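One structure below.
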Amino acid sequence: MFHTAVSANDLWFLAQGAGWTLLITLIAMVGGTVLGVVFGVTRAVLPGWTTLPLGFLLDIFRSVPLLIQLILANSFIPILGLRATPFAVSCVVLALYTSAYCAEIVRGGVLAVPQTTRRAARSLGLTWWQDMTEIVYPMALRVMLPSWIGLTLGVMKDTALVGWIGVIELLKSSQILITRMQNEPLFILMIAGLIYFLISFPISRLGARLERRFREND
Amino acid sequence: MIEIENVEKSFGALKVLDGVSLTVNKGEVVSIIGGSGSGKSTLLMCINGLEPIQGGRILVDGTEVHARGTDLNRLRRKIGIVFQQWNAFPHLTVLENVTLAPRKVLKKSREEADAIARRQLEHVGLGDKFGSFPGKLSGGQQQRMAIARALAMAPEYMLFDEVTSALDPQLVGEVLDTMRLLAREGMTMILVTHEMGFAREVSDRVAFFKSGKIHEIGSPEQLFGNPQLPDTRAFLNSVLK
Ligand SMILES: Nc1ncnc2c1ncn2[C@@H]1O[C@H](COP(=O)(O)OP(=O)(O)O)[C@@H](O)[C@H]1O
Ligand SMILES: [Mg+2]
């Protein structure tokens, strides 16, 4: 019989960590997607040179390792005289980081809608906005969805880094347990890994289902 | 009436329209023929304001298309245009493709728009395809759907841009039949086409386009039977042989 010192209390501690992981992922995805749509559409519809500064900024968010962004933001915010909890800093940094990736996905999705299709829509008398909402959005969504699901799963795993600035999310809570108990580190990591999987699995299943539904119409 | 007066249009340094003038009266069918790259598609897109122009002007029923303050979205309601690549909206069913503009642009109720769309789709012979997605239709069927989609706005003018060029030969006839029907019903049409026999049959006038200009224009009998200019003759020889 398998014996373990991991108690129900410890599991509850891990579950709380998972709760933070979920919450930060949710906030980062919502904020990052809203910003990403705005940035991505801007990049897709305005002439290239006007959005160079925005493109440069987004490049920074994408190319500087997230851990460095988190630590820098967490150190500089107090220096600027602002007060923010590590949780708030994590949400903001992750949302911006997500928005940079999401902007590229959205830009690609919008540009994937053929110009000729959009001309056909406009020549029927649809306004620019109607073209965006009735034609571009639904057509681009089919292109964007798989990448966006991938982004969600990636961001969920990236939240593990916010433990470094003191947010006790899933990975951090498992490390705390490991240090406290001094044994069974692998077992605890397996539980943490299992929880990550249980969060991811439904998301990727949902994505696959939506994709299949889209494809039926083609 | 569509009045095209001395229109000039460039893409960067490339001059595509170089002083085009043409008047199309109500009920008239005018065909435009000419080599590829001569600016025929560009001219059609200038007529409904999809492309800006650099010189001259275009009037549709007296409204200057490119004037500041012209409501292009409103103007486009009365100009239907069908393109070479039929441009179905792939995420919408055939019926939804056709009802979209009547509902969103003309603000018709769903019932009203459905009734219009069903009538137009039956008109072009797609009465049994309402619920299909465009991806399940043949090219000819998609092109006829695009025609129905334009007609659902009850346009006063129809512009056709080589609507049969991208179709398999056996599907060309059904689309031409649809256009023939429209011509017979008195629709004012400008058609850019490579189908010389068809142009000859349905047109009141045929214009030969070359280097961004109307090189020669006349009745089908004149232009096909007795072209005056050597370039017109050369072009007709090359396509009719
Ligand atoms: N959006 C565009 N940008 C730059 N050049 C274009 C554009 N559209 C068309 N052209 C050029 O304008 C010329 C005329 O094109 P087009 O009107 O499509 O000719 P046609 O329909 O007679 O074949 C061609 O040389 C084409 O390459
Ligand atoms: Mg063309």
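Here the structure is a predicted model, which is why all the values come from computation and not from measurement. Note on naming: letters A, B, ... go to the chains in the order of the sequence lines (proteins, then strands), and numbering restarts at 1 for each one. All values below come from the heavy atoms of this structure, side chains included, with hydrogens, waters and symmetry mates left out.
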Give a yes or no on whether [X] atom [atom1] has more than 12 heavy-atom contacts from other residues, nucleotides or ligands under 6.0 Å away.
X	atom1	result
A/Lys157	NZ	no
A/Arg205	CZ	no
A/Phe56	CZ	no
A/Tyr137	OH	no

Which atoms of [X] are under 4.5 Å from chain A, going by heavy atoms: the side chain, the backbone, both sets, or neither?
X	answer
B/Ala146	neither
B/Leu106	neither
B/Glu51	side chain
B/Arg149	both

Name the member of B/Met45, B/Arg74, B/Gln85 that forms the most heavy-atom pairs with chain A at distances under 4.5 Å.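 Ranked by contacts with chain A, first place is B/Met45.
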
Looking only at heavy atoms and a cut-off of under 4.5 Å, which of B/Leu100, B/Val82, B/Leu75, B/Asn87 has the most pairs with chain A? B/Asn87

Under the side-chain contact (heavy atoms from CB on, under 4.5 Å) test against A/Arg122, which residue among B/Ile81, B/Leu72, B/Asn48, B/Leu50 passes? B/Leu50

Quiz question: by atom type and distance under 3.5 Å, do the side chains of A/Thr127 and B/Asn73 form a donor-acceptor pair?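 Looking only at side-chain atoms, B/Asn73 and A/Thr127 do not form any donor-acceptor pair under 3.5 Å.
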
So how far is it from B/Phe89 CZ to A/Thr117 OG1, rounded to the nearest 0.5 Å?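 It is 7.5 Å, given to the nearest 0.5 Å.
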
In Å, rounded to the nearest 0.5 Å, how long is the span from CG of A/Leu124 to CZ of B/Arg76?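 Separation between the atoms: 10.5 Å.
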
Looking at A/Arg142, is its backbone amide N or carbonyl O close enough to the side chain of B/His91 to form a donor-acceptor pair, meaning the two atoms are under 3.5 Å apart?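 Here the side-chain-to-backbone pair does not exist.
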
Check whether A/Gln130 gets within reach of chain B through its side chain, its backbone, both or neither, counting any heavy atom under 4.5 Å. side chain

